Protein chains: 2
Amino acid sequence: MPDSSKSAGLPRAESQSSTSSRLLLAAAELFWEKGFSGASTRELSERLGIQKASLYYHIRSKDDLLYEISIRSLDDIQQAVVTALANAPIEGRLQALVHAHLRTALEERHMHATQLTELRSMSEERRSAVLARRDAYERTVIETIRAEQAAGRLRMDLDARYLGLGLLNLLNWTIFWYRPEGPKAIEELADFFCDLYINGAAADR
Amino acid sequence: MPDSSKSAGLPRAESQSSTSSRLLLAAAELFWEKGFSGASTRELSERLGIQKASLYYHIRSKDDLLYEISIRSLDDIQQAVVTALANAPIEGRLQALVHAHLRTALEERHMHATQLTELRSMSEERRSAVLARRDAYERTVIETIRAEQAAGRLRMDLDARYLGLGLLNLLNWTIFWYRPEGPKAIEELADFFCDLYINGAAADR
DNA sequence: GTCTATACTTCGATAGAC
DNA sequence: GTCTATCGAAGTATAGAC
């Protein structure tokens with residue numbers, strides 16, 4: 001990886017617009033539009049304005065791109081949520097999680113959608129590495145819910161694991177229909193999901 | 001389509017185990033495992049135990065398979081839900097919808113997952129046809145919710161459209177982690193989602 | 001309804017010059 | 001860091017016999 005800026009966990013500011021800094025995002029967008037197998041390196045290079053062969057100065061293979069997108073997607077969301085949880089008031093942790101998850105996932109929707117749907121296109125070895133990170137994040141969510149139950153803020157009669165999976169259902173599928181140009185802003189949508197998840201849809205009786 | 005049993009809306013009983021009756025399900029399973037573009041007609045034919053070329057006696061193209069899977073998936077779920085709504089007691093319509101949706105989607109999970117993720121792999125024309133059916137089903141869901149609001153059983157302060165999208169989030173994503181061998185039966189899971197969606201996760205105050 | 005054989009296309013990746 | 005040129009593999013689909 002001959003990249004001077006290296007991916008040393010630094011915030012990806014300084015959008016140098018260099019080929020290598022645009023590469024991951026362009027690939028994620030293409031994989032999202034065509035699926036990993038349906039996307040060709042030819043089209044990717046066209047979008048970057050370089051020749052097909054020039055791609056291989058930056059990457060070793062198409063597979064590597066998918067792996068890096070998946071890892072980065074999960075690292076970003078894990079980091080955003082952990083930070084949000086640490087900074088949230090004790091009684092607002094669930095809301096902080098929902099906002100951080102949705103904001104990160106929707107702002108990087110092409111990477112997240114790719115990570116969520118293209119596990120199948122990875123080698124066994126890499127799939128395991130991605131799954132390990134996914135499981136770690138799932139545990140973060142479930143443990144947050146368990147703590148809210150223990151604090152008396154969430155129902156104890158429902159299994160924390162399924163409460164967590166239900167919350168992830170609510171959040172993850174949104175990537176597939178959310179449009180940034182649409183009527184609802186991200187924070188507004190996050191508030192809506194918090195309200196629905198916590199208070200339910202039933203009219204007061 | 002030289003198929004004597006034709007797909008005349010009949011219940012797909014009589015599993016003759018003929019090649020043509022196994023074809024759609026085998027294709028859906030393969031598309032789900034590899035993605036549409038990642039799946040080869042070679043592997044499909046191997047799974048069916050015939051030669052690659054023999055496929056083309058039953059289908060005109062690989063694209064046709066995807067289209068038929070998508071249409072059938074949506075027709076099945078629409079029909080199951082409309083029937084369930086018609087037979088449900090007036091105050092149990094939402095529960096009937098959730099059960100019918102989840103049961104159909106999970107029982108035919110390969111077809112539904114393919115329909116949900118492979119819209120992008122279709123021609124413009126066919127994508128429109130599938131989207132029209134998807135929109136029609138979405139309207140069925142939203143109208144059911146609107147009726148529940150009017151009857152005073154669901155909150156009026158939340159937009160019926162987003163309540164519908166939220167419910168579909170909850171149900172659709174389940175396809176991606178549900179395992180038939182797992183601990184929770186389909187009906188049990190449906191009851192859980194009904195409870196969570198209607199009553200919310202908050203502890204009683 | 002299935003076979004063998006093959007035509008045609010597209011793809012991922014490499015070699016080597018600049 | 002990007003280019004031109006090309007290789008070899010794999011994919012979809014067709015032709016025509018049985």
Side-chain angles (χ1 to χ4, degrees), chain A residues 1-7 14-69 114 118 120-123 126, chain B residues 1-7 14-69 114 118 120-123 126:
Chain A
M1 284 166 230
D3 183 7
S4 61
S5 75
K6 212 65 173 88
S7 51
E14 79 216 273
S15 57
Q16 327 138 260
S17 227
S18 71
T19 297
S20 47
S21 67
R22 287 170 12 190
L23 187 51
L24 264 203
L25 286 180
E29 192 172 328
L30 185 60
F31 293 167
W32 158 245
E33 287 174 28
K34 307 278 181 90
F36 176 73
S37 301
S40 69
T41 52
R42 172 181 306 254
E43 182 162 3
L44 178 56
S45 68
E46 277 168 10
R47 291 190 183 195
L48 291 167
I50 59 176
Q51 291 299 311
K52 215 177 10 141
S54 307
L55 274 179
Y56 292 87
Y57 174 77
H58 304 278
I59 60 168
R60 274 194 334 130
S61 71
K62 187 187 171 193
D63 288 332
D64 286 14
L65 276 172
L66 176 58
Y67 181 66
E68 280 169 37
I69 287 166
T114 297
E118 296 292 355
R120 60 191 176 195
S121 304
M122 267 178 273
S123 69
R126 292 183 154 182
Chain B
M1 287 165 226
D3 182 6
S4 61
S5 76
K6 213 62 175 89
S7 51
E14 77 215 273
S15 56
Q16 329 138 258
S17 227
S18 72
T19 296
S20 48
S21 66
R22 285 166 30 203
L23 187 51
L24 264 202
L25 285 180
E29 193 173 328
L30 186 61
F31 294 167
W32 158 246
E33 286 175 29
K34 307 279 181 89
F36 176 72
S37 302
S40 69
T41 52
R42 172 183 307 255
E43 182 162 2
L44 178 56
S45 68
E46 276 167 10
R47 291 191 182 193
L48 291 168
I50 58 175
Q51 292 298 312
K52 217 174 8 137
S54 307
L55 274 178
Y56 293 87
Y57 174 78
H58 303 279
I59 60 168
R60 275 193 335 132
S61 72
K62 188 188 169 192
D63 288 331
D64 285 14
L65 276 172
L66 176 58
Y67 180 66
E68 279 169 38
I69 287 167
T114 297
E118 296 293 355
R120 60 193 176 194
S121 303
M122 267 178 271
S123 69
R126 291 182 155 184

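Just the heavy atoms: all of them, side chains too, but no hydrogens, waters or symmetry mates, feed the values below. So you know, we letter chains A, B, ... as the sequences are listed, proteins then strands, and number each from 1. What you see is a predicted model; the values in this text were computed from it and never measured.
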Legend entry - Separation of atom CD1 in A/I59 from atom P in D/dG1, rounded to whole Å: 14 Å
Legend entry - Test side-chain contact (heavy atoms from CB on, under 4.5 Å) applied to A/A27 - qualifying residues, sequence neighbours left out: A/F31, A/L44, A/L65, A/I69
Inset, instruction - Report the residues that fulfil salt bridge (Lys or Arg N to Asp or Glu O under 4.0 Å) with A/R22, sequence neighbours left out, ordered by chain and then residue number. - result: none
Legend entry - Euclidean distance, atom CG of residue A/L23 to atom P of D/dG1 [Å, nearest integer]: 12 Å
Inset, instruction - Mind running a 4.0 Å heavy-atom check of residues 38-56 of chain A against DNA chain D and sending the residues that fall below it, in number order? - result: A/I50, A/Q51, A/K52, A/A53, A/S54
Inset, instruction - Report the residues that fulfil salt bridge (Lys or Arg N to Asp or Glu O under 4.0 Å) with A/R42, sequence neighbours left out, ordered by chain and then residue number. - result: none
Legend entry - With B/S37 via side-chain contact (heavy atoms from CB on, under 4.5 Å) - residues at least two apart: A/S37, B/S121
Legend entry - Length of the NZ-C1' vector between B/K62 and C/dC8, whole Å: 17 Å
Legend entry - Dot-bracket encoding of pairs in DNA chain C, which uses [ ] for pseudoknotted crossings and | for another strand, Watson-Crick or G-U under 3.5 angstrom: ||||||||||||||||||
Legend entry - Pairing residues for A/S45 by the side-chain contact (heavy atoms from CB on, under 4.5 Å) criterion, not counting sequence neighbours: A/I50, A/K52, A/L55
Legend entry - With B/K34 via side chain to side chain donor-acceptor pair (under 3.5 Å) - residues at least two apart: B/E43
Inset, instruction - State which residues pass salt bridge (Lys or Arg N to Asp or Glu O under 4.0 Å) with B/E29; sequence neighbours excluded, sorted by chain then number. - result: none
Inset, instruction - Round to a whole Å and report the spacing from NE2 of A/H58 to P of C/dA13. - result: 15 Å
Inset, instruction - Mind calculating the distance between OH (B/Y57) and C1' (D/dA17) to the nearest angstrom? - result: 16 Å
Legend entry - Straight-line distance of A/S20 OG to A/I59 CD1, nearest 0.5 Å: 12.0 Å
